[in-house]
Amino acid sequence: MTSLAGTAGLIRLILRRDRIVLPLWIVLLTAISVSYVKEYGDLFPTPDSRVKYASNAGFITLYGELSGPSLGEFVTWRLGFVPVMVGLISLLTVIRHTRVEEETGRRELLGATVVGRHAQLAAALITVLGANLVLAVLLALGMHSQDLPLGGSIAIGIVYAGTGWFFAALGAVAAQLTASAGTARGIAIGVLGGAYVLRAAGDTSAHTDGPLAWLSYLSPLGWAQQIHPYAQNRWWLAVVLLAATIALIGAAVALAVRRDVGAGILPDRLGPADGKLGSPLALAWRLHRGLLAAWTVGFALLGLLFGGVAEGVGDMMRDDPGIQEMFQRMGGAAGLIDSFLAGVMTLVGLIASAYAVQATLRMRVEESSGRAEPVLATATSRWQWAASHLVFSLLGPALALLAAGVAEGLAYGAAIGDVSGQVPRLVGAALAQLPAVWVLAAIAIAIFGLFPRASMVSWAGPAVCILIGLVSAGVSTAGWIRDLSPFTHLPSLPGGAVSAGPFVALLAIALVVAFAGLIGLRRRDLPA
């Protein structure tokens, strides 16, 4: 029997299991992208209007630098966050059909049949790489149908597919490193987030003639962006992405050979030979402390990067009267910098919501692995057990946001000589994201408590909010859709007006939804 025996059958199984989700995200991302051609062609009919719109520092952070004023280049720029979504979906899908299968024991059952050692990994990669290729073809045809040049349409399809391929391969590597699917997701998503931060910090610094422009070239998202569809169409960068993908797949296969089924390359840390955990909270601390430390350090680095480039944002106004007029109503350079910082804080809040969901789903990992039952066999009630984990899913994001706000305030305050003034206002802006983060955490709690087998659907919350806030923002016909995201109801801080209404409403929603989930947990079977 070869190591790839049974791959075709596993591909059919994956396609059957994902027969709804897989076509849905392909069609949705294609439709959104193609619709932008007419939408933004009508909103910004002239090259001058496009350049002025794209000069907003917050937009540069989110989408990158505009390569040129043509409609195709402008639409590609405005869709700059969609490749991040493609990468996220790709890595999560690969991990779901590899590491999750091992963690739940289904991989071992399949291994008892005529299935080769590498068949599961190969089937997951072939399916995801094929899905990205279908996305690229549909996107290229859709863009060309809107009277955009064929070469550029093919190039933007390659941007999407190349990003998806790279991060699918990265997900395959992460799945070999650890025995926990949650940790594998954390590693892969952390690399994706780091790549985005490098690209954003590098592009913002380059636009303001700062010293950190080289950071973009360290990011695979930066490589994909530099293809510049409808402009230079740098095909050789697609070869770079393909080579990096092949290298990662080779690394995943090599790592898979070196480990046992169900185990990871990174060894599990053993606890002390003697000791005791006197409470459920102490046990939860042992389980969450590594994740909490990693996210907190990551958020602090994120704050330092964006705080370091914020000072140069105002420089973009000095030599362009059009931009000066555009931002005059925002308070000049100070208003422009506040706009940039507010956009960064929204992004940080969206990332924090992913951490909140990941920490919440730790309860499902404990339940499905059988470790929750011995704890609940003691005097610990279900609510006490759940509360010990929810301390970290609710207060953990608060600590991470605090770290981001402090770091950003220190970096920006030191640059302008006003540390004591900037740290409090940026800490407040960061913590203002918490009500929206807690709403998404509450949704994860409700799904876990009421529909435990569908717990993975909790990831749709952050994904949909990112899609709404960073892809659909500015589309006039999608206002009611944007209102579905809790982040759109928060004030724009720093610099915006603050009222208690949105905070109270979001906190009330979070409380009701989370309580419903806890009631469901109390009444259902466990494990379920």
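All residue numbers in this chain count up from 1 along the given sequence. Everything numeric in this text was worked out from a predicted model, so none of it was measured.
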Next on the checklist: Could you walk me through whether N132 and F167 satisfy the side-chain contact (heavy atoms from CB on, under 4.5 Å) test, starting with their C-alpha distance in whole Å, then the side-chain angles of each, then the deciding distance to 0.1 Å, before giving a yes or no?
Outcome noted: CA-CA 11 Å; N132 279 285; F167 286 102; over 6 Å; no

Next on the checklist: F306 vs Y412, test: ring pair (Phe, Tyr, Trp, His ring centres under 6.0 Å). Steps then yes/no.
Outcome noted: CA-CA 8 Å; F306 286 124; Y412 177 53; over 10 Å; no

Next on the checklist: Run I351 and F299 through side-chain contact (heavy atoms from CB on, under 4.5 Å) and show every step you take.
Outcome noted: CA-CA 9 Å; I351 298 173; F299 271 66; 3.8 Å; yes

Item to check | Verdict with supporting geometry, L29 and I89, side-chain contact (heavy atoms from CB on, under 4.5 Å) | outcome: CA-CA 11 Å; L29 292 181; I89 294 170; 4.3 Å; yes

Checklist entry - Would V257 and H118 satisfy side-chain contact (heavy atoms from CB on, under 4.5 Å), going step by step from the backbone distance to the final call? => result CA-CA 9 Å; V257 173; H118 300 307; 3.6 Å; yes

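Contact check for Y160 versus T30: no side-chain heavy atoms found under the 4.5 Å cut-off. The closest side-chain heavy-atom distance from Q358 to L291 is below 4.5 Å. Two residues are said to be in side-chain contact when any heavy atoms from C-beta on lie closer than 4.5 Å; E366 and L287 meet this criterion. Considering only heavy atoms from C-beta on, V437 stays 4.5 Å or farther from Y355 through its side chain. Between V464 and L484 there is no side-chain heavy-atom pair separated by less than 4.5 Å. By the 4.5 Å heavy-atom criterion applied to side chains, W285 and V391 are not counted as neighbours. Within the 4.5 Å cutoff, no side-chain heavy atoms of L91 are placed close to those of V191. Side-chain atoms of L135 and W25, non-hydrogen and from C-beta on, do get closer than 4.5 Å to each other.
Paired with V344 under the rule side chain to side chain contact (heavy atoms under 4.5 Å, CB included), one option of V348, T346, L347 passes, and it is V348. None of H389, R453, M456 except one satisfies the side chain to side chain contact (heavy atoms under 4.5 Å, CB included) rule with R364; the exception is R453. For the side chain to side chain contact (heavy atoms under 4.5 Å, CB included) with D18, the qualifying choice from V128, T93, L13, L24 is T93, the only one to do so. Checking L361, L88, V100 one by one against R185, the side chain to side chain contact (heavy atoms under 4.5 Å, CB included) holds for a single residue, V100.
The closest donor-acceptor contact from the side chain of Q176 to the backbone of A172 lies under 3.5 Å. Without hydrogens or angle criteria, S216 side chain to D203 main chain gives a donor-acceptor distance under 3.5 Å. At distances below 3.5 Å, at least one donor-acceptor pair connects side-chain atoms of S219 with backbone N or O atoms of A195. The backbone N or O of A181 sits nowhere less than 3.5 Å from a side-chain atom of R99 that would complete a donor-acceptor pair. Remark: the backbone N or O of P452 is paired with a side-chain donor or acceptor of S455 at under 3.5 angstrom. Formation of a donor-acceptor pair under 3.5 Å by the R117 side chain with backbone atoms of A256 is found in this model. When atom types are taken as modelled, the side chain of R258 and the backbone of I265 share no donor-acceptor pair closer than 3.5 angstrom. Side chain of R234 to backbone of H228: no donor-acceptor contact under 3.5 angstrom is found. The backbone N or O of L394 lies less than 3.5 Å from a partner atom in the side chain of W438, making a donor-acceptor pair.
Environment of CZ in R371: crowded, with over 12 heavy atoms of neighbouring residues, nucleotides or ligands closer than 6.0 Å. Other residues, nucleotides and ligands place no more than 12 heavy atoms under 6.0 Å from the CZ atom of R523. For R12, the CZ atom counts as loosely surrounded, since its 6.0 Å shell holds 12 or fewer non-hydrogen atoms of other residues, nucleotides or ligands.
Contact record, I158 with I227: CG2-CD1, 4.2 Å, taken as the closest heavy-atom pair. For S381 against L376, the heavy-atom pair with the smallest separation is O-CD2, 3.7 Å. Among all heavy-atom pairs drawn from A175 and T98, the shortest one is CB-OG1, 3.5 Å. When all heavy atoms of S353 and L440 are compared, the pair lying nearest together is CB-CD1, 3.5 Å. Taking every heavy atom of both residues into account, L241 and P220 meet most closely at CD2-O, 3.9 Å. Taking all atoms of both residues into account, the shortest heavy-atom contact from T163 to A224 is OG1-CB, 3.5 Å.
Side chains of T378 and T380: a donor-acceptor N/O pair is present below 3.5 angstrom, by distance only.
Separating the OG atom in S388 from the CE atom in M363 is a distance of 8.5 Å, to the nearest 0.5 Å. To the nearest 0.5 Å, atom CH2 of residue W236 and atom CG of residue L242 are 14.5 Å apart. The distance from the NE2 atom of H288 to the CG atom of L281 is 9.5 Å, given to the nearest 0.5 Å. The line from CG of L390 to CH2 of W383 is 11.0 Å long, rounded to the nearest 0.5 Å. In this structure, CH2 in W459 is found 7.0 Å from CG in L92, a value given to the nearest 0.5 Å. Separation of atoms CZ (R17) and OG1 (T127) is listed at 11.0 Å; rounding is to 0.5 Å.
Aromatic ring orientation, W77 versus Y63: perpendicular (interplanar angle above 60°, classes split at 30° and 60°). The aromatic rings of Y196 and F81 sit perpendicular to each other, their planes meeting at more than 60°, with 30° as the lower class boundary.
In this structure, R286 forms no cation-pi arrangement with F392, as its terminal cationic atom is not both closer than 6.0 Å to the ring centre and no more than 45° off the ring axis.
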